[in-house]
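Comments concern the structure below.
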2 protein chains.
Amino acid sequence: MSHTPGVRQAQKQKTRQALLDAGLRLLEDQSLSSLGLREVTRVVGVAPAAFYRHFRDMADLGVALVEEALGSLHAMIRTVLAEQDGAQERIDRTVEVVAAHVRAHPAHVRFVARERHGGVRAVREAIGEQLALFADEVAEVLPGQSELTGWSERDAHMLAALYVDHLVMTASAFLEATPEEAERIAGRARQQLRLINLGCRHWLDE
Amino acid sequence: MSHTPGVRQAQKQKTRQALLDAGLRLLEDQSLSSLGLREVTRVVGVAPAAFYRHFRDMADLGVALVEEALGSLHAMIRTVLAEQDGAQERIDRTVEVVAAHVRAHPAHVRFVARERHGGVRAVREAIGEQLALFADEVAEVLPGQSELTGWSERDAHMLAALYVDHLVMTASAFLEATPEEAERIAGRARQQLRLINLGCRHWLDE
DNA sequence: CAATCCGGAGAACGGTTGTTTACTGAATGA
DNA sequence: TCATTCAGTAAACAACCGTTCTCCGGATTG
């Protein structure tokens with residue numbers, strides 16, 4: 001049944017990862033629908049035909065990148081939102097974590113922001129699916145916050161969607177900003193989250 | 001000084017517009033950085049070289065499309081926000097107007113959403129610039145709302161940015177949605193705006 | 001009317017693209 | 001040990017690309 005690592009499989013995964021890395025790098029200043037197969041293989045230093053041993057086409061490589069880019073996010077935000085400190089502390093920490101993530105993985109963030117509405121259907125849909133899943137997770141964790149006791153599931157989902165969209169917005173704002181603009185972006189994001197949180201506290205008053 | 005219309009100039013503007021229209025159409029299922037010059041001229045039925053009589057390159061055509069797509073928006077939202085009805089009515093009307101705009105100009109909306117973070121720097125910056133201008137306009141009109149008396153200019157701008165981002169989000173959500181999903185999207189957008197508005201009403205309490 | 005302008009045509013250029021084919025040679029497994 | 005598997009190679013393919021050049025013919029101008 002050969003589920004041993006194997007020198008063969010290891011090497012294959014290695015060049016596969018090299019293709020993904022090269023693709024991600026090239027996508028920093030162009031979009032997926034214009035990224036050429038030969039362009040990628042040239043960077044890796046491999047024959048064009050070798051590409052087909054790993055991906056059917058560029059769209060296929062794209063969806064692989066989606067999983068790589070969004071896979072790590074889930075656990076992170078889950079833990080951040082689960083913190084039981086006050087609202088202000090949670091907001092500060094969230095923005096902080098987002099900023100750190102953008103600094104650590106700028107290419108991944110850029111890829112997601114760019115291809116979320118990009119020209120390749122399969123990738124667009126993969127990102128949309130992942131973000132929807134993401135919103136579901138957030139919606140599940142939200143009831144743990146004191147401001148949200150008594151909220152309907154529907155309302156929680158509405159809020160979760162707003163959070164996720166705002167998160168993506170903030171991340172891509174960090175991306176396009178110079179280092180000296182970063183603090184201004186962060187401050188604004190915090191205030192916006194405060195505003196939303198304020199709305200939450202009075203949601204059941206009307 | 002020849003500022004007469006002239007048969008010459010008229011025909012030139014006509015094919016220029018044809019190039020823009022063809023480009024916009026082709027951009028519905030690809031992104032600008034992969035759109036070919038010949039592809040556009042082929043649709044218009046004109047020689048490839050003729051392209052250069054109107055645009056330096058594809059990026060140039062792109063920024064022209066940005067102005068075409070975002071130019072009409074300004075006046076519209078200005079009038080919507082200026083309405084002095086209650087908050088609920090204003091929210092309903094805003095979402096309604098956005099939905100109508102997406103239905104009327106889907107290609108323009110798609111273009112803006114796609115190229116806002118797209119692979120062509122000049123176009124990306126042009127859109128960012130226009131949206132920032134847009135936020136400025138919104139920030140100027142906002143103090144007319146009763147909920148926002150006593151707000152600092154900085155806070156008004158923070159809110160305006162949130163509104164603009166939410167608007168773009170909502171518009172592109174409408175775009176990707178099937179007709180039967182549209183009402184769900186609209187309902188969610190309205191609730192999100194209500195939540196934000198609720199936050200506004202208590203912004204100066206803390 | 002004659003001179004000029006200028007949007008567009010047409011052909012040619014060097015270069016790049018995605019994909020297929022037959023192949024090599026090392027890891028694999030009986 | 002020997003046959004098999006298979007990731008990667010090398011070459012060839014037709015199709016397409018952006019750009020440049022020269023030229024045409026109708027509008028414009030004086």
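What you are looking at is a predicted structure, and each value in this text was computed from that prediction instead of being measured.
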Practice task
Can you tell me the distance, in whole Å, between the CZ atom of R8(B) and the P atom of dT29(D)?
Solution key: 9 Å
Problem - Listed partners of R184(B) passing side chain to side chain donor-acceptor pair (under 3.5 Å), at least two apart - result: none
Problem - side-chain hydrogen bond (donor to acceptor under 3.5 Å, both in side chains) contacts in which one or both residues fall within residues 40-63 of chain B, not counting sequence neighbours - result: T15(B)-H54(B)
Completion exercise
Residues pairing under salt bridge (charged side-chain N to carboxylate O under 4.0 Å, His left out) where one sits in residues 151-174 of chain B, two or more places apart or in two chains, turn out to be R116(B)-D165(B)
Practice task
Rounded off to whole Å, could you give me the CZ-to-P distance for the F55(A) and dA7(D) pair?
Solution key: 13 Å
Handout entry: Terminal axis angle for the helix from dC1(C)-dG30(D) to dT17(C)-dA14(D), five pairs an end, nearest 10 degrees
Key = 20°
Problem - side-chain contact (heavy atoms from CB on, under 4.5 Å) partners of A99(B), counting only residues at least two apart - result: R103(B), F174(B)
Completion exercise
Across all chains, not counting sequence neighbours, the side chain to side chain donor-acceptor pair (under 3.5 Å) partners of H108(A) are E68(A)
Completion exercise
Taken to the nearest whole Å, CD/Q9(B) to P/dG8(C) is 11 Å
Exercise for the section: Assign a letter to each nucleotide of nucleotides 8-17 of chain D from its 5' end: B, base within under 4.0 Å of a protein heavy atom; S, sugar-phosphate only; -, no contact. Expected result: BBB-B----B
Fill in the blank from the handout: Those residues at least two apart in sequence (or on a different chain) that pass side chain to side chain donor-acceptor pair (under 3.5 Å) with R190(A) are E183(A)
Practice task
Provide the full list of salt bridge (charged side-chain N to carboxylate O under 4.0 Å, His left out) pairs with a residue in residues 90-100 of chain B, sequence neighbours left out, each pair given once.
Solution key: E83(B)-R93(B), R90(B)-E147(B), R93(B)-E96(B)
Problem - Where at least one partner belongs to residues 20-36 of chain B, residue pairs that pass side-chain hydrogen bond (donor to acceptor under 3.5 Å, both in side chains), sequence neighbours excluded - result: S31(A)-S31(B), S31(A)-S33(B), S33(A)-S31(B), S33(A)-S34(B), S34(A)-S33(B), Q17(B)-D21(B), Q30(B)-S34(B), Q30(B)-E39(B)
Completion exercise
A171(B) meets the side-chain contact (heavy atoms from CB on, under 4.5 Å) criterion, sequence neighbours left out, with V98(B), V102(B), V109(B)
Problem - Residues in contact with DNA chain C, drawn from residues 19-30 of chain A - heavy-atom cutoff 4.0 Å - result: none
